[in-house]
Visitor: 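My structure is below; once you've seen it, I'll send some questions.
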Amino acid sequence: QVQLVESGGGLVHAGDSLRLSCAASGRTFSTNVLAWFRQAPGNEREFVAAIMRQDSSTYYRDAVKGRFTISRDDAKNTVYLQMNSLKPEDTAVYYCAARLAATRAFGLIRTSRAYDSWGQGTQVTVSS
């Protein structure tokens, strides 16, 4: 099992930046995919970004491409989500997720049910 703890959320203005962190512990060596999802009130949880352990290849939802960057620091067992040019529609609770099995299938990568472990979430609020 992998334990995940998110941090870095907060209240910002449109156009500002935030960096979220997700500290992993436990069987981190078995984790092949680390991802960020978000959930706004009344909405389903949606995929934001993912990074592969094997080669650090990354995947993003279209709405955040060019604004968000996912990265990882293996020495710290931490994955980051740098969020620039934030918009009010980015307001949500952001969750970190880990998947043990490797995959290159975007259909799986962007599906919340494909992940084995989840953090508690961190609130991001962007005011206009």
Visitor: When rounded to the nearest 0.5 angstrom, what distance separates CD in Gln3 from CZ in Arg27?
Guide: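 Output value for this atom pair is 11.0 Å.
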
Visitor: Ser56 and Arg72: side-chain donor and acceptor closer than 3.5 Å?
Guide: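 Present: a donor and an acceptor within the cut-off.
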
Visitor: Got a donor-acceptor contact below 3.5 angstrom from the Ser127 side chain to the Val12 backbone?
Guide: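 Flag set: sc Ser127 to bb Val12 pair under 3.5 Å.
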
Visitor: Dump the intermediate steps for side-chain contact (heavy atoms from CB on, under 4.5 Å) on Arg38 and Arg45, then the final yes or no.
Guide: CA-CA 5 Å; Arg38 66 187 182 187; Arg45 193 168 295 189; over 6 Å; no

Visitor: Any side-chain donor-acceptor pair under 3.5 Å between Glu6 and Ser21?
Guide: no

Visitor: One pair to check against side-chain contact (heavy atoms from CB on, under 4.5 Å): Phe68 and Leu81. What are the steps and the verdict?
Guide: CA-CA 7 Å; Phe68 290 11; Leu81 185 68; 4.2 Å; yes

Visitor: Establish, from distance only, whether the side-chain atoms of Asn84 and Ser17 form a donor-acceptor pair under 3.5 Å.
Guide: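 Yes - a donor-acceptor pair under 3.5 Å links their side chains.
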
Visitor: Output the distance between atom CG (Asp73) and atom OH (Tyr80), rounded to the nearest 0.5 Å.
Guide: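 Separation between the atoms: 5.0 Å.
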
Visitor: Which Ile, Leu, Val, Met, Phe, Trp or Tyr residues join Tyr59 in one cluster when any pair of side-chain heavy atoms under 4.5 Å counts as a link?
Guide: Val33, Phe37, Phe47, Met52, Val93, Tyr95, Phe106, Ile109, Tyr115, Trp118

Visitor: Looking at every heavy atom in both Leu18 and Leu86, which two are closest together, and how far apart are they?
Guide: N-CD1, 3.9 Å

Visitor: Is there a donor-acceptor pair closer than 3.5 Å between any side-chain N or O of Asp74 and the backbone N or O of Asn77?
Guide: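 No: the side chain of Asp74 does not pair with the backbone of Asn77.
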
Visitor: Applying salt bridge (charged side-chain N to carboxylate O under 4.0 Å, His left out), name anything that partners Arg67, two or more places apart in sequence or on another chain.
Guide: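 Listed in chain order: Asp90.
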
Visitor: Each residue besides Leu11 in its hydrophobic cluster should be listed here, by chain and number; the cluster joins Ile, Leu, Val, Met, Phe, Trp and Tyr at side-chain heavy-atom distances under 4.5 Å.
Guide: none

Visitor: Could you tell me the separation between the OG1 atom of Thr58 and the NZ atom of Lys65, rounded to the nearest 0.5 Å?
Guide: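 One finds 9.5 Å between OG1 of Thr58 and NZ of Lys65.
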
Visitor: Closer than 3.5 angstrom, by distance alone: can the side chain of Thr111 be matched with the main-chain N or O of Arg113 as a donor-acceptor pair?
Guide: no

Visitor: Say you draw a straight line from OG of Ser71 to CZ of Arg19; how long is it, rounded to the nearest 0.5 Å?
Guide: 7.0 Å

Visitor: Between Thr91 (side chain only) and Thr125 (backbone N and O only), is there a donor and an acceptor less than 3.5 Å apart?
Guide: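 No, Thr91 side chain to Thr125 backbone: no donor-acceptor pair under 3.5 Å.
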
Visitor: Quick check against the 3.5 Å criterion: does Ser117 have a side-chain atom that pairs as donor or acceptor with the backbone of Val2?
Guide: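 Here the side-chain-to-backbone pair exists.
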
Visitor: Tell me, please, which residues at least two apart from Glu89 pass salt bridge (charged side-chain N to carboxylate O under 4.0 Å, His left out).
Guide: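 Listed in chain order: nothing, the list is empty.
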
Visitor: Considering all heavy atoms of both residues, which atom of Leu4 and which atom of Ala98 are nearest to each other, and what is their separation?
Guide: CD1-N, 3.7 Å

Visitor: Distance check, rounded to the nearest 0.5 Å: Thr103 atom OG1 versus Leu108 atom CG?
Guide: 4.5 Å

Visitor: Using side-chain contact (heavy atoms from CB on, under 4.5 Å), reason through Tyr60 and Asp62 one step at a time and then give a plain yes or no.
Guide: CA-CA 6 Å; Tyr60 297 93; Asp62 287 344; over 6 Å; no

Visitor: We want to know whether Ser57 and Arg104 form a side-chain donor-acceptor pair, criterion being a heavy-atom distance below 3.5 angstrom.
Guide: yes

Visitor: Applying side chain to side chain contact (heavy atoms under 4.5 Å, CB included), name anything that partners Ala14, two or more places apart in sequence or on another chain.
Guide: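 By the side chain to side chain contact (heavy atoms under 4.5 Å, CB included) rule, Ala14 matches Pro88, Val126.
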
Visitor: For the side chain of Asn32 and the backbone of Leu100, is there at least one donor-acceptor N/O pair under 3.5 Å apart?
Guide: yes

Visitor: Quick one: ring pair (Phe, Tyr, Trp, His ring centres under 6.0 Å) pairs with a partner in residues 1-26, sequence neighbours left out?
Guide: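 As it turns out, there is no ring pair (Phe, Tyr, Trp, His ring centres under 6.0 Å) pair with a partner in residues 1-26 once direct neighbours are skipped.
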
Visitor: Contact between Leu20 and Ser7 at the side-chain level, heavy atoms closer than 4.5 Å - yes or no?
Guide: no

Visitor: Which distance, rounded to the nearest 0.5 Å, do you find between the CG of Asp116 and the OG1 of Thr31?
Guide: 8.0 Å

Visitor: Report yes if the side chains of Arg110 and Arg61 come closer than 4.5 Å at any heavy-atom pair, otherwise no.
Guide: no

